[in-house]
Amino acid sequence: MSLSTLILVAMGIGIGFGAVLHDFFPSLIAPIDRYLLTPVGTSFLRLIQFVVVPIVFSSLILGLTRIQNAARVGRYAVKLIVSYCVTSGIAVGVGLVLAIVVRPGVGVSGIGTIDLGTIAESQSLIDWLVSLIPTNPLEALRSGNLLQVIFSSALIGVAIQLVGEKAASFVSFVESCYAIFEKVLSLILYVAPIGVFALISSVIATEGLQLISKLFSYVFWLFAGSALMIGLYLLMLFILKAKPIKLLQSLVPALSLAFGTASSNAALPVILKDIQEEYGLREDIASFAIPLGTALKRDGSAILQGFNAVFIAQMFDIPLTTSLILAISLSTFLVSFSTPGVPGAGIIMMTTVLGAAGLPLQGIAIVAGVDRLTDGFKTVMNVIGNVSNAIILDRWESQQSVEVKEKVSLES
Ligand code: ASP
């Protein structure tokens, strides 16, 4: 069986095992979760995080040194930011329109599951922007902050090009780091099915599938919103002749990991490998765009935050005025770019969106119970959005080089 099939099978068995435990052996849930499922799941998440920083750092430096000039790095960044903004705007629209049309929050109440005191406040936007600049490169690597790692690698990558020959030994050191950590990743992936099994069955055993039925309309429409957005991306890729089916096939292991771990960061090393080896995306684009998108691009979170805010407004009978909708749209758009790629990040960021829109934070307690489940497909959406934007950049670049060639041949 291939790795992706094994991960999917493990996920299915995990859901079944968790449901049986929850329904028939409630007294066993606490010890099994405490001594088996949580330690195994957390160990797997930690193992996969172990390779994220070295792989992003080395692949970005190698990718950048292969881009012949520094100006091209800037051009990639600008084009990506433009396409991120357009597609995130669409994602925010999908979440908001869906919630306004289907009105999932009307008549829902009394499913509080967490103590609001446990939710940490998220950072302000200005603090977040300033914190992207690391005070030293080793600190960036140590902290594991993906944007700081990207910032350091991009700066070092550009300097390597300017230094020339003198940087050769550093580049070969980075090359061997990359080879070593790619091997470490392939070893870790052998235990991925076990990790995914433990993570999923822990959620189902402790939360139970019943919770979904109480918030069925919330979960169902969020899922539908993500499916709609994925459909839009596939259509866009089809129009760009970018082989959407081949893309989905090559991403099966990465998407199953994204669903099982609910972490874009955890899926990153596998996306980076498969998008080049299986799908065939150019190395210089993949090594730059995929880590950047993993750090910034969250279509799933954009859909969720807008949808969730309208849901909470409906639950508390708060009228949806134009200014409320504008406040929700803007804060959702900004928050989607600063949500970290870790499980449960969406819950923390909800405080920012609800706070900015003046909506009651108590709503979070109601949706928190299903967050781990919606987080799975939200993360799948995040990964597909990230990868699609990298491919859009690739098409944009090829289109531009065709135009340049045509212009040169017309002139000569
Ligand atoms: N879990 C999501 C991710 O890793 C982030 C979120 O919670 O919104 O992409």
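Note that the numbering runs from 1 along the sequence shown for the chain. Keep in mind that what you see is a predicted model, and the values were worked out from it rather than measured. Order of appearance sets the numbers: ligands from 1, and atoms from 1 within every ligand. All values below come from the heavy atoms of this structure, side chains included, with hydrogens, waters and symmetry mates left out.
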Next on the checklist: Surrounding CZ of Phe151 (heavy atoms of other residues, nucleotides or ligands, distance under 6.0 Å), is the total greater than 12?
Outcome noted: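 Above 12, so yes.
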
Under 4.0 Å from a heavy atom of [X]: give me the atoms of ligand 1 that qualify, with their elements.
X: Val342; result: 1 (N), 2 (C), 4 (O), 5 (C), 7 (O)
X: Thr379; result: 1 (N), 2 (C), 3 (C), 4 (O), 9 (O)
X: Ser264; result: 3 (C), 4 (O), 9 (O)
X: Thr339; result: 5 (C), 6 (C), 8 (O)
X: Ala345; result: 6 (C), 7 (O)
X: Ser301; result: 6 (C), 8 (O)

Item to check | Glu397/Arg72 ion pair, N-O < 4.0 Å | outcome: no

Checklist entry - So which of Asn382, Thr294, Val380, Asp375 gets nearest to atom 1 (N) of ligand 1, if we judge by its closest heavy atom? => result Asp375

Checklist outcome for this item: Checking heavy-atom distances from atom 5 (C) of ligand 1 to each of Ser336, Ala258, Pro340, Ala267, the winner is Pro340

Checklist outcome for this item: The answer for which part of Lys378 has a heavy atom under 4.0 Å from ligand 1 is side chain

Item to check | Structural part of Asn265 in contact with ligand 1, heavy atom criterion under 4.0 angstrom | outcome: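 Neither; nothing of Asn265 gets under 4.0 Å from ligand 1.
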
Checklist outcome for this item: Closest non-hydrogen atoms of Gly105 and Gln314, given as atom of the first, atom of the second and distance, are N-OE1, 3.0 Å

Item to check | Nearest heavy-atom neighbours spanning Thr261 and Ala266 | outcome: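 Closest heavy-atom pair between Thr261 and Ala266: OG1-CB, 3.8 Å.
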
Next on the checklist: Just to confirm my output: which protein heavy-atom neighbour is closest to atom 7 (O) of ligand 1, and how far is it?
Outcome noted: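 Checking every protein heavy atom, the shortest distance to atom 7 (O) of ligand 1 gives Gly346 N, 2.8 Å.
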
Checklist entry - Do Ile328 and Leu359 come close enough that some side-chain heavy atom pair is under 4.5 Å? => result yes

Checklist entry - Is there a side-chain contact between Val387 and Tyr279 (heavy atoms, below 4.5 Å)? => result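 A side-chain contact is absent here, since even the closest heavy-atom pair is not under 4.5 Å.
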
Checklist entry - Do any N or O atoms from the side chain of Thr374 and from the backbone of Asp371 form a donor-acceptor pair under 3.5 angstrom? => result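 Looks like yes, one N/O pair under 3.5 Å.
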
Next on the checklist: Whether the Asp274 and Ser250 side chains hold a donor-acceptor pair (N or O, under 3.5 Å, no angle test) is what I'd like checked.
Outcome noted: no

